[in-house]
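The next block holds one structure in the form of structure tokens; read it before the comments.
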Amino acid sequence: QKEVEQDPGPLSVPEGAIVSLNCTYSNSAFQYFMWYRQYSRKGPELLMYTYSSGNKEDGRFTAQVDKSSKYISLFIRDSQPSDSATYLCAVVNAGNNRKLIWGLGTSLAVNP
Amino acid sequence: NAGVTQTPKFRVLKTGQSMTLLCAQDMNHEYMYWYRQDPGMGLRLIHYSVGEGTTAKGEVPDGYNVSRLKKQNFLLGLESAAPSQTSVYFCASSYRTGGGDTEAFFGQGTRLTVV
């Protein structure tokens with residue numbers, strides 16, 4: 001079992017839709033949870049990060065962590081064609097090995 | 001502010017040839033990383049460095065070597081390229097590792113094809 005599981009999609013939605021992107025993880029020692037966005041032929045860039053269970057909001061984006069279920073989500077409200085990208089979740093183990101562990105990424109297309 | 005710059009952006013190699021990928025960052029970051037990204041495999045860590053003069057193996061280090069002689073530069077070498085090394089290579093840097101305030105900044109990638 002991979003440490004971080006993420007459905008690769010692709011996910012296709014109409015403009016204005018609410019998008020839900022999800023990851024599950026296996027190790028309860030993971031403490032930091034991040035979402036990166038990667039446009040085609042570009043490097044990933046950090047979108048949001050969270051530490052504790054609950055929600056964190058930034059504009060149209062909401063990151064949600066449920067540590068009891070080992071489930072993390074990214075919601076995009078009023079999706080725009082410019083949101084079309086691959087979204088990668090990443091987690092960090094707070095132990096001695098503090099490297100990022102990546103999901104495979106979910107490809108999202110927002111159609112005008 | 002350039003951030004993380006990778007050189008070259010594209011390269012085609014013949015099997016058995018060698019090459020060096022250069023990564024430069026101007027953010028005074030301690031940590032630097034080399035990843036490869038392949039369809040269906042995601043980002044996989046090749047090697048990383050926690051400071052000038054140090055390097056360590058990541059998840060898929062075989063066939064690659066690295067050097068961090070200067071804090072701002074991290075070089076990735078392929079001594080004898082193989083078709084299995086066809087991939088998109090990303091360099092990243094961060095102030096430190098772990099923690100929620102550790103943002104990894106990525107370069108634009110190097111597309112390498114080995115024929």
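Naming convention: chains lettered A, B, ... in sequence-line order (proteins, then strands); numbering from 1 in each chain.
Distance check, rounded to the nearest 0.5 Å: OG1 of A:Thr86 to CD of B:Gln37 gives 7.5 Å. Note: B:Arg111 CZ to A:Arg41 CZ = 4.0 Å, rounded to the nearest 0.5 Å.
Residue B:Tyr95 is not grouped with residue B:Trp34 when hydrophobic side chains (ILVMFWY) are merged at heavy-atom distances under 4.5 angstrom, including chains of intermediate members. A:Phe75 and A:Leu46 are not part of a single hydrophobic cluster, where members link through side-chain heavy atoms under 4.5 Å apart. With hydrophobic clusters built from ILVMFWY side chains whose heavy atoms lie under 4.5 angstrom apart, A:Tyr32 shares a cluster with B:Val50. Residues B:Ile46 and B:Val114 share a hydrophobic cluster, clusters being chains of Ile/Leu/Val/Met/Phe/Trp/Tyr side chains in contact below 4.5 Å. Under the 4.5 Å side-chain heavy-atom criterion for grouping Ile, Leu, Val, Met, Phe, Trp and Tyr, B:Tyr33 is connected to B:Val88 within one hydrophobic cluster.
With a threshold of 4.5 angstrom between heavy atoms, B:Phe105 does not approach chain A through any atom at all. Of the atoms belonging to A:Pro44, heavy atoms from both backbone and side chain fall under 4.5 Å from chain B. Heavy atoms closer than 4.5 Å to chain A are found nowhere in B:Gln6, neither backbone nor side chain. No part of B:Arg44 comes within reach of chain A, as not one of its non-hydrogen atoms sits under 4.5 angstrom from that chain.
Other residues, nucleotides and ligands contribute over 12 non-hydrogen atoms within 6.0 Å of the CD atom of B:Glu52.
Applying the side-chain contact (heavy atoms from CB on, under 4.5 Å) test between B:Leu43 and each of A:Ile101, A:Leu104, A:Leu88 identifies A:Leu88 as the sole match.
Not less than 6.0 angstrom separates the ring centroid of A:Trp102 from the ring centroid of B:Phe90.
The candidate with the highest count of non-hydrogen atom pairs below 4.5 Å against chain B, out of A:Lys42, A:Gln6, A:Glu45, A:Gln38, is A:Gln38.
Annotation: side chain of B:Tyr35 is in contact with side chain of A:Leu100 (closest heavy-atom distance under 4.5 Å).
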